[in-house]
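Remarks on the structure that follows.
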Amino acid sequence: GAKVENTSEIDSSFGSHKLIAGVEHYKKESEMSRDFAKLGSDEAKNTSVYLEDQWRLDKLTVTPGVRYDRYESPEFVAGGKKYDNVVGALAASYNITPRTQVFASYTQLFNGPDLSQAIFNSDGGDTYVNNNLKAEEGDNSEVGISTTLRNLTTENDALQLSAKYFETNIENFMSFVRAGGTRVGLNCETGELGGSCQGMTNSDEDYEIKGVELAADYRTRDFGMGLSYSRARSEGSKTGESIPSVSGSSADSGDRYMVNLNYDPTDELGLGWRSTYVASLTDNSGNKKPNYDVHDVYMNYTPSQLQGVK
């Protein structure tokens with residue numbers, strides 16, 4: 001992909017403006033081979049033009065934005081159908097004190113049909129190509145607060161605390177229907193349930209996702225520690241069930257707890273450990289998911305003689 005962006009800063013008697021305008025293009029490709037033989041490939045393309053204005057007026061910052069997308073869908077998912085869409089966004093933040101900020105935002109959403117999983121890519125074989133597939137649309141709203149406390153234990157240390165609540169609404173939710181074995185697939189001609197083909201369809205109901213995010217990040221010159229908690233749950237407008245996934249369960253996951261420690265022994269070397277614990281969950285559809293824990297140990301090196309290399 002490629003991206004070209006221009007930023008202009010303008011000062012006026014009604015505050016300062018930071019105008020950001022850009023053009024972006026990308027192409028995603030999928031290819032599946034088995035026993036050294038190519039079985040299928042597909043691609044999706046998107047070109048977008050966007051503009052936003054970060055308008056700062058004393059303690060208040062307001063950022064309106066608009067984006068146009070020209071999306072070309074995968075051939076073996078939606079027949080290469082092209083989608084033209086315009087979305088808008090509006091964000092605002094206000095500094096209650098120099099170190100405490102409240103914020104809110106509203107964003108319209110657009111998501112064209114994506115590539116199917118590479119393992120299911122067979123150049124249209126046993127696949128219902130949905131030429132009438134609709135793009136997912138919706139909106140996301142969030143409100144939150146963040147504050148920074150300094151010089152708590154040592155000079156120039158900082159503790160940043162933040163909390164956020166969000167709601168996301170999704171229309172025309174797209175789901176991939178698998179076939180084979182005991183699974184009920186799609187009719188290869190009409191796309192109705194009850195056939196032997198796999199394919200992408202739009203759900204008959206809309207979904208709402210609600211969630212919260214809490215975070216605390218402490219930082220000194222060479223040491224950092226982060227704690228975070230997040231929770232998100234989805235619900236269908238008709239059945240009340242959670243958003244489905246390809247596996248047959250739901251896309252919801254349990255409450256997520258994260259701990260992160262990092263230490264920089266030198267200006268060039270960074271060491272860290274991250275632990276993510278996801279609690280068990282019984283979703284609205286009655287599906288049960290067990291808890292699990294993931295640990296990551298990482299190291300990064302930033303050579304001072306090579307600017308921009310990490």
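The figures that follow rest on heavy atoms only: side chains count, while hydrogens, waters and symmetry mates do not.
Remark: the backbone N or O of Leu19 is not paired with any side-chain donor or acceptor of Asp53 at under 3.5 angstrom. A distance-only check finds no donor-acceptor pair linking the side chain of Asn6 to the backbone of Ala21 [under 3.5 Å]. The closest donor-acceptor contact from the side chain of His25 to the backbone of Asn46 lies under 3.5 Å. At distances below 3.5 Å, at least one donor-acceptor pair connects side-chain atoms of Lys238 with backbone N or O atoms of Asp204. Listed for the Asp264 side chain is no donor-acceptor partner under 3.5 Å among the backbone atoms of Asp267. Between the side chain of Asn130 and the backbone N or O of Leu133, at least one donor-acceptor pair lies under 3.5 Å. Judged by distance alone, with hydrogens and angles left aside, the side-chain atoms of Glu213 form no donor-acceptor pair with the main-chain N or O of Ser230 at under 3.5 Å. In terms of modelled atom types and a separation under 3.5 Å, the side chain of Glu208 and the main chain of Glu167 share no donor-acceptor contact.
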Note to self: Run the side-chain contact (heavy atoms from CB on, under 4.5 Å) test on Val294 and Tyr277 for me, step by step, so that the C-alpha distance in whole Å, both residues' side-chain angles and the decisive distance to 0.1 Å come before the verdict.
What the structure shows: CA-CA 6 Å; Val294 178; Tyr277 173 78; over 6 Å; no

Next item on the list: Check the pair Tyr128, Cys188 against side-chain contact (heavy atoms from CB on, under 4.5 Å), reporting the backbone distance first and the verdict last.
Entry: CA-CA 5 Å; Tyr128 171 68; Cys188 299; 5.7 Å; no

Item checked: Residues Asp139, Thr107; criterion side-chain contact (heavy atoms from CB on, under 4.5 Å); working and verdict -> CA-CA 5 Å; Asp139 59 76; Thr107 306; over 6 Å; no

Next item on the list: Show your reasoning for whether side chain to side chain donor-acceptor pair (under 3.5 Å) applies to Asp252 and Ser242.
Entry: CA-CA 7 Å; Asp252 287 355; Ser242 304; 3.3 Å; yes

Margin query: Is there a side-chain contact (heavy atoms from CB on, under 4.5 Å) between Leu193 and Leu186? Walk through the geometry before answering.
Written below: CA-CA 5 Å; Leu193 278 175; Leu186 302 175; 3.8 Å; yes

Check: Are Tyr50 and Glu5 close enough, and set up right, to give a side chain to side chain donor-acceptor pair (under 3.5 Å), and what steps lead you there?
Finding: CA-CA 9 Å; Tyr50 57 91; Glu5 187 175 272; 2.6 Å; yes

Notebook entry, point to check: Going through the distances and angles, do Lys28 and Asp114 end up as a salt bridge (charged side-chain N to carboxylate O under 4.0 Å, His left out)?
Noted result: CA-CA 9 Å; Lys28 296 189 290 185; Asp114 204 353; 2.7 Å; yes

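Inspection of the Thr127 and Gln198 side chains reveals an N or O donor paired with an N or O acceptor under 3.5 Å. For the residue pair Asp69 and Asn85, no side-chain donor N or O sits within less than 3.5 Å of a side-chain acceptor on the partner. A side-chain donor from one of Tyr218 and Thr153 sits under 3.5 Å from a side-chain acceptor of the other. For Asp84 and Tyr68, the side-chain atoms include at least one donor-acceptor pair closer than 3.5 Å. Remark: the Asp293 side chain and the Ser275 side chain contain an N/O donor-acceptor pair separated by less than 3.5 Å. Using a 3.5 Å distance cut-off with no hydrogens or angles, the side chains of Thr100 and Thr147 do pair a donor with an acceptor. Residues Ser237 and Asp206 have side chains that never bring a donor and an acceptor to within less than 3.5 angstrom of each other. Residues Asn111 and Tyr83 have side chains that never bring a donor and an acceptor to within less than 3.5 angstrom of each other.
Centroid-to-centroid, the aromatic rings of Phe223 and Tyr263 stay 6.0 Å apart or farther.
To the nearest 0.5 Å, the span separating CG on Leu90 from OG1 on Thr63 amounts to 8.0 Å. If you take OG on Ser162 and CG on Asp217, they are separated by 7.0 Å, rounding to the nearest 0.5 Å. Atom OG in Ser105 sits 6.5 Å away from atom CG in Asn140 (nearest 0.5 Å). The distance from atom CD of Glu9 to atom CD of Gln54, rounded to the nearest 0.5 Å, is 9.0 Å. Between atom CG of residue Asp157 and atom CG of residue Leu152 there is a gap of 5.0 Å, rounded to the nearest 0.5 Å. The CG atom of Leu115 lies 11.5 Å from the CZ atom of Phe76; values are rounded to the nearest 0.5 Å.
Between Asp255 and Tyr229, some side-chain heavy-atom pair lies under the 4.5 Å cut-off. You'll find the side chain of Phe173 reaches within 4.5 Å of the side chain of Glu136, heavy atoms only. Within the 4.5 Å cutoff, the side chain of Tyr292 has no heavy atoms near those of the Ser280 side chain. Counting heavy atoms from C-beta on, the side chains of Pro113 and Met174 come closer than 4.5 Å. Residues Arg274 and Val259 are not in side-chain contact: their nearest non-hydrogen atoms beyond the backbone lie 4.5 Å or more apart. Side chains of Gln101 and Tyr94 form no contact here, defined as non-hydrogen atoms less than 4.5 Å apart. Contact annotation: the side chain of Tyr71 never approaches that of Lys82 to less than 4.5 Å [non-hydrogen atoms, C-beta and beyond]. You'll find the side chain of Thr168 reaches within 4.5 Å of the side chain of Leu109, heavy atoms only.
When all heavy atoms of Ser234 and Asn284 are compared, the pair lying nearest together is O-ND2, 3.0 Å. Considering every non-hydrogen atom in both Asn202 and Lys134, the closest pair reads OD1-N, 2.9 Å. Taking all atoms of both residues into account, the shortest heavy-atom contact from Ser73 to Ala78 is OG-CB, 3.4 Å. Nearest heavy atoms, Trp55 versus Phe14: NE1-O, 2.6 Å. A pairwise comparison of heavy atoms in Lys81 and Asn132 identifies NZ-C, 4.2 Å as the closest pair. When all heavy atoms of Arg256 and Ser253 are compared, the closest pair comes out as NH2-OG, 3.9 Å.
Grouping the Ile, Leu, Val, Met, Phe, Trp and Tyr side chains by contacts below 4.5 angstrom, directly or via other members, places Val129 apart from Phe176. There is a path of hydrophobic side-chain contacts, each under 4.5 Å, that joins Leu227 to Trp273. Follow the hydrophobic side-chain contacts under 4.5 Å out from Phe110 and you reach Tyr26 in the same cluster. There is a path of hydrophobic side-chain contacts, each under 4.5 Å, that joins Val86 to Leu51. In the hydrophobic clustering of this structure, Val278 does not group with Leu214; members are Ile, Leu, Val, Met, Phe, Trp, Tyr whose side-chain heavy atoms approach within less than 4.5 Å, directly or through other members.
Put simply, the residue from Asn156, Asn262, Thr148 that forms a side chain to side chain donor-acceptor pair (under 3.5 Å) with Arg219 is Asn262.
With respect to Lys45 and Glu43, a salt bridge is recorded, a charged nitrogen being found less than 4.0 Å from a carboxylate O. Ionic pairing of Glu24 and Arg67 is present here: one or more N-O contacts between side-chain nitrogen and carboxylate oxygen are shorter than 4.0 angstrom. With respect to the salt-bridge test (charged N to carboxylate O, under 4.0 angstrom), the residues Glu235 and Arg233 do not qualify.
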